[in-house]
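Step one of this worksheet: look at the structure below.
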Number of protein chains: 2
Amino acid sequence: MGAKARPSSAQGPSKSAITRERIITAAAQVLAERGYAGTKLSDIAERAEMKAGSLYYHFEDREDLVDHVLKRGVDESFRRVKTALKALPKDAGHVRKLETAIDAHVHSILQFGDVTSASLQLLRQLPPELQPRYRREQQRYGAVWHKLIVAAQNDGAIRDDLDPVRLRLFILGQLNWVADWPRTAVGDRDELRKEAVALVLHGVVPSREGR
Amino acid sequence: MGAKARPSSAQGPSKSAITRERIITAAAQVLAERGYAGTKLSDIAERAEMKAGSLYYHFEDREDLVDHVLKRGVDESFRRVKTALKALPKDAGHVRKLETAIDAHVHSILQFGDVTSASLQLLRQLPPELQPRYRREQQRYGAVWHKLIVAAQNDGAIRDDLDPVRLRLFILGQLNWVADWPRTAVGDRDELRKEAVALVLHGVVPSREGR
DNA sequence: GTCTATACGACGATAGAC
DNA sequence: GTCTATCGTCGTATAGAC
């Protein structure tokens with residue numbers, strides 16, 4: 001990589017910002033496959049094509065770096081789902097909203113697979129002192145889904161014989177697991193998103209009037 | 001492998017065997033919440049109420065201990081699902097079989113939560129050299145589900161517009177995630193199992209003739 | 001069987017050259 | 001900004017007492 005540092009006169013990210021980005025991506029990949037404690041700075045550095053010591057120019061320490069990966073992972077799905085919901089017409093039905101949220105959540109997982117996967121499994125593995133911050137963020141996201149589900153149940157748009165909390169966890173669990181699928185199974189992404197929506201909404205049994 | 005296998009007589013488990021069991025359980029718990037590399041022998045020892053050095057009397061080394069936890073985790077669901085399927089009447093329908101497998105899988109997760117949870121997330125985190133053995137075991141389990149799903153699709157018992165591989169991953173993902181639920185969300189276990197079956201089969205939208 | 005004490009290696013972090 | 005060199009810490013594993 002002998003690219004000359006280009007003076008960021010006009011606009012666009014500085015070289016430093018680009019490097020930071022490269023490091024975060026590399027970190028997310030290693031974290032996703034090795035877990036929190038299994039991730040060595042030397043591995044991150046190698047994947048980002050630099051030496052371990054150089055990381056300290058961009059981040060305070062290991063924890064600071066993990067912090068950035070984690071925050072981004074939790075935020076990504078959140079932002080995307082909120083945006084997608086807001087883009088819906090005001091009079092959209094509950095089922096339509098749910099479809100939209102499912103599609104957006106899966107979409108974010110497919111696009112930011114490593115970051116999402118890393119943040120999802122890391123939440124458990126973090127040293128207890130570090131957990132509260134991210135748990136809170138995750139709960140705010142969970143709350144969005146919870147409202148969606150409860151509102152839909154109250155209006156009779158979806159079945160109300162399932163506990164809303166468990167229902168949310170079932171749905172998100174099914175979708176989150178996609179981050180861990182073997183690449184070969186993912187296949188066509190649009191197809192996958194459609195299937196996810198279909199499965200959550202209608203299940204595997206073909207509908208029959210006299211269920 | 002680990003400790004010496006006692007020539008099995010008619011007596012109960014030796015004291016050594018009991019201790020081994022205690023250690024494996026402790027290890028599963030720590031592995032489930034800290035990940036592979038995050039699990040220190042001292043933590044396992046503490047939870048098993050002994051000192052770290054003493055573990056080496058029962059297991060060759062760290063890897064040997066993890067090995068036992070992992071093997072058990074993959075086996076548990078497998079055994080339970082196979083047994084449940086065999087107990088069905090020969091003429092059981094495809095949907096009935098699927099229900100049974102779902103119920104058994106969830107049941108095993110609820111009962112061996114730590115071991116299952118540990119083995120599920122550890123598969124990814126293992127050093128590459130150690131993975132093949134467990135992957136193979138997991139694939140054998142996946143094959144059972146695959147056959148179930150394909151057979152059901154071919155007979156028109158379940159919808160065939162979803163890719164069978166992805167369908168399997170969706171279903172198992174939804175169920176596996178239960179291992180990571182907060183204890184407070186699990187609630188009544190029988191209720192949870194029923195809900196899991198209902199959700200996979202019929203989804204969240206109440207059935208209507210003109211879907 | 002379990003303990004304490006210790007060697008040994010691996011990784012995080014810092015300092016200073018370029 | 002990135003490198004090399006180095007220090008300190010911590011965890012695995014071993015040795016030997018009880």
Side-chain angles (χ1 to χ4, degrees), chain A residues 1-8 12-27 30-31 33-70 122 125-130, chain B residues 1-6 11-27 30-31 33-69 122 125-130:
Chain A
M1 300 283 294
K4 295 275 158 81
R6 147 201 95 162
S8 60
S14 64
K15 183 181 178 204
S16 175
I18 293 175
T19 306
R20 271 176 70 91
E21 210 52 35
R22 206 176 68 232
I23 296 172
I24 289 178
T25 304
V30 182
L31 283 165
E33 65 188 45
R34 288 299 165 87
Y36 176 73
T39 295
K40 295 176 287 188
L41 291 181
S42 55
D43 292 338
I44 297 174
E46 188 178 1
R47 206 169 297 210
E49 292 172 14
M50 44 190 331
K51 299 296 177 179
S54 312
L55 295 174
Y56 286 84
Y57 176 82
H58 300 277
F59 297 91
E60 279 191 10
D61 54 14
R62 196 186 117 110
E63 190 184 314
D64 181 42
L65 173 50
V66 174
D67 207 59
H68 280 81
V69 176
L70 225 28
L122 257 50
Q125 298 177 12
L126 284 181
E129 322 81 82
L130 300 180
Chain B
M1 286 298 196
K4 14 278 160 188
R6 219 177 38 126
Q11 310 153 13
S14 65
K15 181 179 177 207
S16 175
I18 293 175
T19 306
R20 271 175 69 91
E21 211 51 35
R22 205 175 68 232
I23 295 172
I24 289 178
T25 304
V30 182
L31 283 166
E33 65 188 46
R34 288 299 166 86
Y36 176 72
T39 295
K40 294 176 288 189
L41 292 182
S42 55
D43 291 339
I44 297 174
E46 188 179 359
R47 206 169 297 212
E49 292 171 11
M50 45 190 329
K51 299 296 177 179
S54 311
L55 295 174
Y56 287 85
Y57 177 80
H58 299 279
F59 297 91
E60 278 190 10
D61 54 14
R62 195 186 118 109
E63 189 184 316
D64 181 42
L65 172 49
V66 174
D67 206 60
H68 280 81
V69 175
L122 257 50
Q125 300 177 12
L126 283 181
E129 321 81 83
L130 301 180

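In this text the structure is predicted, and so the values were computed from the model without any measurement. Per chain, numbering begins at 1; letters A, B, ... match sequence-line order.
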| field | side chain to side chain contact (heavy atoms under 4.5 Å, CB included) evaluation trace for B:Met50 with B:Arg22 | value | CA-CA 10 Å; B:Met50 45 190 329; B:Arg22 205 175 68 232; 4.2 Å; yes
| said: Run the side chain to side chain contact (heavy atoms under 4.5 Å, CB included) test on B:Phe59 and B:Ile24 for me, step by step, so that the C-alpha distance in whole Å, both residues' side-chain angles and the decisive distance to 0.1 Å come before the verdict. | reply: CA-CA 10 Å; B:Phe59 297 91; B:Ile24 289 178; 3.9 Å; yes
Would you tabulate the nitrogen or oxygen pairs shorter than 3.5 Å linking the protein to nucleotides 9-13 of chain D?
from   : atom 1 : to      : atom 2 : distance (Å)
D:dG11 : OP1    : B:Lys40 : NZ     : 2.8
D:dT12 : OP1    : B:Thr39 : O      : 3.4
D:dT12 : OP1    : B:Leu41 : N      : 3.3
D:dT12 : OP1    : B:Arg62 : NH1    : 3.4
D:dT12 : OP2    : B:Leu41 : N      : 3.1
D:dA13 : OP2    : B:Tyr56 : OH     : 2.6
D:dA13 : OP2    : B:Arg62 : N      : 3.0
D:dA13 : O5'    : B:Tyr56 : OH     : 3.1

| Residue pair A:Leu70, A:Leu130: steps toward the side chain to side chain contact (heavy atoms under 4.5 Å, CB included) verdict | CA-CA 11 Å; A:Leu70 225 28; A:Leu130 300 180; over 6 Å; no
| note | Min and max contacting nt of DNA chain C in 5' to 3' order, chain B heavy atoms within under 4.0 angstrom, are C:dG1 to C:dT4
| message | If you apply the rule side chain to side chain contact (heavy atoms under 4.5 Å, CB included), what do you find for A:Leu41 with A:Tyr56, and how did you get there? | response | CA-CA 10 Å; A:Leu41 291 181; A:Tyr56 286 84; 3.2 Å; yes
| task | For the pair A:His68 (side chain) and A:Asp64 (backbone), establish whether a donor and an acceptor sit closer than 3.5 Å, ignoring hydrogens and angles. | result | yes
| field | Pairs involving residues 33-44 of chain A, ordered by first then second residue, that meet side-chain hydrogen bond (donor to acceptor under 3.5 Å, both in side chains) (sequence neighbours left out) | value | A:Glu33-A:Arg47
| said: Rounded to the nearest 0.5 Å, what separates atom OG in A:Ser14 from atom CZ in A:Arg20? | reply: 9.5 Å
